[in-house]
Amino acid sequence: MHTFDAGVALVIANDVRSTLQSVDSALADGARLLGAMLETAHASGLPVTESQRVLENVTSCLSNVVQGRSDMVDAVKRMTVIKRNSNLDVVDVGCDNPLPAKPSTFFTTAEAKVA
């Protein structure tokens, strides 16, 4: 069993949340940039070959950010497994339980309708 300081685990959990929020903000900013670039290219009459190059560069960058986010999600999963096999198994750091504290009634009260 691994032994970790609970305070350090909370710092790491907060850093993970902050990092993922930053990545999501970067993706949203990139999406806005892409939209603005498209509008500007159309409004300016920029040749399609030039706008294509820029769009490919920006979308490649955004794809890399999405891949980096996926890698971070995988790291969080691995950290969660490590935490669960440590002295912090019962310590709630706020990020390793995907279910809400109070179970949703959606799945027990919603009616399925056949189209």
When rounded to the nearest 0.5 angstrom, what distance separates [atom1] in [X] from [atom2] in [Y]?
X     : Y     : atom1 : atom2 : result
Thr3  : Leu88 : OG1   : CG    : 8.5 Å
Lys77 : Met72 : NZ    : CE    : 13.5 Å
Thr19 : Asp15 : OG1   : CG    : 6.0 Å
Met79 : Asp74 : CE    : CG    : 10.5 Å
Leu55 : Leu34 : CG    : CG    : 6.0 Å
Asp29 : Leu62 : CG    : CG    : 10.0 Å

*Where the side chain of Thr40 meets the backbone of Ala36, is there a donor-acceptor pair that is under 3.5 Å apart?*
yes
_Reference residue Ser60; test side-chain contact (heavy atoms from CB on, under 4.5 Å); the match among Asn57, Asn64, Val58_ = Asn64
Side-chain heavy atoms nearer than 4.5 Å, only ILVMFWY residues, links allowed to pass through others: does that put [X] and [Y] together?
X     : Y     : answer
Val8  : Val16 : yes
Ile82 : Val11 : no
Val66 : Val76 : no

Residue pair [X] / [Y], side-chain heavy-atom distance below 4.5 Å:
X     : Y     : answer
Arg69 : Asp24 : yes
Val54 : Glu50 : no
Phe4  : Val91 : no

*Can you sort out the partners of Glu39 under side-chain hydrogen bond (donor to acceptor under 3.5 Å, both in side chains), two or more places apart, ordered by chain and number?*
none
